[in-house]
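These numbers were taken from a predicted model, which means no experiment stands behind them.
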Amino acid sequence: MSEADTCRKDVVPRLVRSEWDDNPHSSTEQRIFTDGRIIPVSNDIKRGKRKHTDFVLSATLETFRSPQQAEEYGKTLSFQFALSTNSKEIVGFNFAIGMATELIEYPKPQELFDRYWVAQGL
């Protein structure tokens, strides 16, 4: 099964069950967030590989293919939270407390807002 099939058949329905399609929350697929590293080559410049997210959720939550990618991209983009899924397992990263946790379902928007407020000491 292709990555697009996995997203359509597994990830999207799980996001819907976790209320990420209810206004004012939403998800956006395939967002490029960097054109790639600038690489000088002789008298020219080339670009490295573009980086893109699979999903961006309106509460600055992100899903990734691997835990390492979730951690790297989440830190690069200064996210509070990031998720990694292989369509079977979900790993949630909470950058505010520096912790990764295996999850059964995606957190609902209100759960992440609550975690954010606690992490901010509010």
Side-chain angles (χ1 to χ4, degrees):
M1 184 166 20
S2 73
E3 182 179 340
D5 291 336
T6 299
C7 289
R8 218 175 357 270
K9 293 177 182 177
D10 185 63
V11 176
V12 170
R14 290 174 86 173
L15 289 172
V16 169
R17 281 196 308 270
S18 296
E19 302 174 4
W20 284 102
D21 68 330
D22 295 339
N23 200 12
H25 310 103
S26 64
S27 64
T28 305
E29 289 186 58
Q30 299 294 321
R31 287 288 198 190
I32 294 171
F33 69 89
T34 177
D35 286 331
R37 195 179 79 195
I38 295 173
I39 304 167
V41 179
S42 298
N43 292 330
D44 199 10
I45 295 176
K46 294 190 179 206
R47 288 268 185 187
K49 186 177 177 182
R50 287 180 164 183
K51 292 185 179 182
H52 74 277
T53 62
D54 292 325
F55 291 88
V56 173
L57 307 181
S58 65
T60 61
L61 179 83
E62 167 61 50
T63 61
F64 300 95
R65 286 181 288 273
S66 74
Q68 295 81 9
Q69 186 185 45
E71 187 172 14
E72 176 192 348
Y73 287 16
K75 286 179 181 177
T76 299
L77 295 168
S78 299
F79 284 170
Q80 291 291 312
F81 307 102
L83 298 174
S84 170
T85 185
N86 61 6
S87 83
K88 306 272 186 250
E89 301 160 333
I90 302 168
V91 176
F93 290 87
N94 183 333
F95 293 107
I97 61 172
M99 190 169 158
T101 308
E102 280 193 42
L103 306 171
I104 295 169
E105 284 291 339
Y106 294 107
K108 293 182 178 184
Q110 190 59 52
E111 292 175 52
L112 290 180
F113 289 123
D114 292 346
R115 290 181 197 173
Y116 174 76
W117 294 120
V118 167
Q120 298 301 311
L122 303 171

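Taken to the nearest 0.5 Å, the CZ atom of F81 stands 4.5 Å off from the CG atom of N94. Of the inter-residue distances, the one linking E105 atom CD with L15 atom CG reads 9.5 Å to the nearest 0.5 angstrom.
Side-chain contacts under 4.5 Å among hydrophobic residues (ILVMFWY), followed directly or transitively, place I104 with no other residue at all.
Residue R37 qualifies as open at atom CZ: its count of foreign heavy atoms under 6.0 Å is 12 or below.
Looking at heavy atoms from C-beta onward, R14 lies in side-chain contact with Y106 at the 4.5 angstrom threshold. Contact of the L103 side chain with the L83 side chain is registered, since non-hydrogen atoms from C-beta on lie closer than 4.5 Å.
Legend: residues meeting salt bridge (charged side-chain N to carboxylate O under 4.0 Å, His left out) with E102, ordered by chain and number and at least two apart, are absent. With sequence neighbours excluded, no residue forms a side chain to side chain donor-acceptor pair (under 3.5 Å) with Q68. In this structure E89 satisfies the side-chain contact (heavy atoms from CB on, under 4.5 Å) test together with N86, sequence neighbours excluded. D114 meets the side chain to side chain donor-acceptor pair (under 3.5 Å) test with Q110; sequence neighbours excluded.
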Anything under 3.5 Å between a donor and an acceptor, one on a side chain of residues 42-51, the other on a protein residue two or more places apart or in another chain? List them.
{"unit_1": "R47", "atom_1": "NH1", "unit_2": "G36", "atom_2": "O", "d": "2.8"}
{"unit_1": "K51", "atom_1": "NZ", "unit_2": "E72", "atom_2": "OE2", "d": "2.5"}

